[in-house]
A.B. asks: 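Dumping the structure here so I can ask a few things about it.
Numbering of residues begins at 1 and proceeds along the displayed sequence.
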Amino acid sequence: MEKKKKKISFKVALGGIISAVCLLSMFFSGFLPMLDYAIPTFAGFLMVVMIVEVDRNWAIATYVAVALLCPLITPNIQASALFIIFMGYYPILKFGLDNSRLSKFTRWLIKFLVFNVAMLLFFILFTKIFVSQDMMDGMEKFGKYAILVLWLAANFFFMLYEIALTQMIDLYVNWFRKKILRKK
């Protein structure tokens, strides 16, 4: 019984620490607007720590807690929306997909589908609801192909993000846990 309580207390404590670090970094996105995309990406990666150290359900609970508090704490609406719409839950989804028995093609198809739906929602949110920010600034030189160029660039960067996230997960699991945390 005592060992089970320690496990639950560890899970709650780790979830609280990760939530606090996520929220603190998201708060700083208001002061460091040049990191609009990097900070939600970092906060999302911390969900991987929850998956590896605890499990997927606790990672989802941590994501939900941060997603609920993020709009209240984060002065940067764009970074907050990006975390909620994609960056916060995607590492959890990726971890599950990569460990599934689905074919590689099916996994990539699901990943691209989720990304494109999330980015479409993000685009609609910032062009129809938050009209004070124009996402198409600087895209005038592409004329009528501006949205297509933006969409292709976003998908290219998603591929780079996917590769980088895979390497970060591998680095955390196979190096950081073994060398720093001394866990197998």
A.B. asks: If I take atom CE from residue M26 and atom CD1 from residue I73, how far apart are they, to the nearest 0.5 angstrom?
C.D. replies: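 Taking CE in M26 and CD1 in I73, the distance rounds to 10.5 Å.
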A.B. asks: Is it possible for you to say whether I77 and L121 belong to one hydrophobic cluster, with membership spreading through side-chain heavy-atom contacts below 4.5 Å?
C.D. replies: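 Yes; L121 is reachable from I77 via cluster members.
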A.B. asks: Sequence neighbours left out, what passes ring pair (Phe, Tyr, Trp, His ring centres under 6.0 Å) with F31? Give chain and number order.
C.D. replies: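 With sequence neighbours excluded, F31 shows a ring pair (Phe, Tyr, Trp, His ring centres under 6.0 Å) to F27, given in chain and number order.
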A.B. asks: Indicate, with yes or no, if V117 and V114 share a hydrophobic cluster defined by side-chain heavy-atom contacts under 4.5 Å among Ile, Leu, Val, Met, Phe, Trp and Tyr.
C.D. replies: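 No; V117 is not reachable from V114 via cluster members.
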A.B. asks: If you look only at distance, which donor and acceptor atoms sit under 3.5 Å apart when one is on a side chain in residues 83-92 and the other is two or more places apart or in another chain?
C.D. replies:
{"from": "Y89", "atom 1": "OH", "to": "I85", "atom 2": "O", "distance (Å)": "3.0"}
{"from": "Y90", "atom 1": "OH", "to": "E162", "atom 2": "OE1", "distance (Å)": "2.3"}

A.B. asks: Does Y37 form a side-chain contact (heavy atoms from CB on, under 4.5 Å) with L82? I'd like the steps, not just the answer.
C.D. replies: CA-CA 8 Å; Y37 301 104; L82 192 58; 3.1 Å; yes
A.B. asks: Quick one: list whatever passes side chain to side chain contact (heavy atoms under 4.5 Å, CB included) with K179, sequence neighbours left out.
C.D. replies: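 For K179 the side chain to side chain contact (heavy atoms under 4.5 Å, CB included) partners, ignoring immediate neighbours, are W175.
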A.B. asks: According to the side-chain hydrogen bond (donor to acceptor under 3.5 Å, both in side chains) rule, which pairs have a member within residues 14-28, sequence neighbours left out?
C.D. replies: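 Sorted pair list comes back empty.
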A.B. asks: Would you list the pairs meeting salt bridge (charged side-chain N to carboxylate O under 4.0 Å, His left out) in which at least one residue belongs to residues 59-87, sequence neighbours left out?
C.D. replies: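 Residue pairs with at least one partner in residues 59-87: there are none.
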A.B. asks: Can you list the other members of the hydrophobic cluster that holds F105, where links are side-chain heavy atoms under 4.5 angstrom apart?
C.D. replies: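 Members other than F105 - counting any ILVMFWY side chain reachable under 4.5 Å - are L109.
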A.B. asks: Which residue pairs pass the salt bridge (charged side-chain N to carboxylate O under 4.0 Å, His left out) test when at least one of the two sits in residues 75-90, sequence neighbours left out?
C.D. replies: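 Sorted pair list comes back empty.
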A.B. asks: Name all residues meeting the salt bridge (charged side-chain N to carboxylate O under 4.0 Å, His left out) criterion together with D36; count only those two or more places apart in sequence or in a different chain, and write none if there are none.
C.D. replies: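 Not a single residue meets the salt bridge (charged side-chain N to carboxylate O under 4.0 Å, His left out) criterion with D36.
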A.B. asks: Once you round to the nearest 0.5 Å, how far does CZ of F28 lie from OG1 of T74?
C.D. replies: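 If I round to the nearest 0.5 Å, the distance is 11.5 Å.
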A.B. asks: For the atom pair CG (L24) and OG (S29), what is the distance rounded to the nearest 0.5 Å?
C.D. replies: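 Interatomic distance, L24 CG to S29 OG, rounded to 0.5 Å: 10.5 Å.
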A.B. asks: Which distance, rounded to the nearest 0.5 Å, do you find between the CZ of F45 and the NZ of K94?
C.D. replies: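 The CZ atom of F45 sits 11.0 Å away from the NZ atom of K94.
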A.B. asks: Show me the side-chain donor-acceptor pairs of residues 46-56 shorter than 3.5 Å, one per line, residues at least two apart or across chains.
C.D. replies:
{"from": "E53", "atom 1": "OE1", "to": "R177", "atom 2": "NH2", "distance (Å)": "3.4"}
{"from": "E53", "atom 1": "OE1", "to": "K183", "atom 2": "NZ", "distance (Å)": "3.0"}
{"from": "E53", "atom 1": "OE2", "to": "Y172", "atom 2": "OH", "distance (Å)": "2.6"}
{"from": "E53", "atom 1": "OE2", "to": "R177", "atom 2": "NE", "distance (Å)": "2.6"}
{"from": "D55", "atom 1": "OD1", "to": "N57", "atom 2": "N", "distance (Å)": "3.1"}
{"from": "D55", "atom 1": "OD1", "to": "W58", "atom 2": "N", "distance (Å)": "2.9"}

A.B. asks: With a 3.5 Å cut-off and sequence neighbours excluded, list the donor-acceptor pairs that the side chains of residues 147-157 form with protein atoms.
C.D. replies:
{"from": "W151", "atom 1": "NE1", "to": "N116", "atom 2": "OD1", "distance (Å)": "2.6"}
{"from": "N155", "atom 1": "OD1", "to": "N116", "atom 2": "ND2", "distance (Å)": "3.0"}
{"from": "N155", "atom 1": "ND2", "to": "N116", "atom 2": "OD1", "distance (Å)": "3.0"}
{"from": "N155", "atom 1": "ND2", "to": "W151", "atom 2": "O", "distance (Å)": "2.9"}

A.B. asks: Provide the full list of salt bridge (charged side-chain N to carboxylate O under 4.0 Å, His left out) pairs with a residue in residues 149-160, sequence neighbours left out, each pair given once.
C.D. replies: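 Pairs touching residues 149-160 that pass the test: none.
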A.B. asks: For L102, does its backbone N or O pair with a side-chain atom of T106 as donor and acceptor, under 3.5 Å?
C.D. replies: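 No.
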A.B. asks: Salt bridge or not between K104 and D98? Use side-chain N to carboxylate O under 4.0 Å.
C.D. replies: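 Here K104 does not pair with D98 in a salt bridge, since their nearest N and O are not under 4.0 Å apart.
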A.B. asks: Taking only residues two or more places apart in sequence or in another chain, which ones pass side chain to side chain contact (heavy atoms under 4.5 Å, CB included) with N174?
C.D. replies: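 Expected list: D170, K178.
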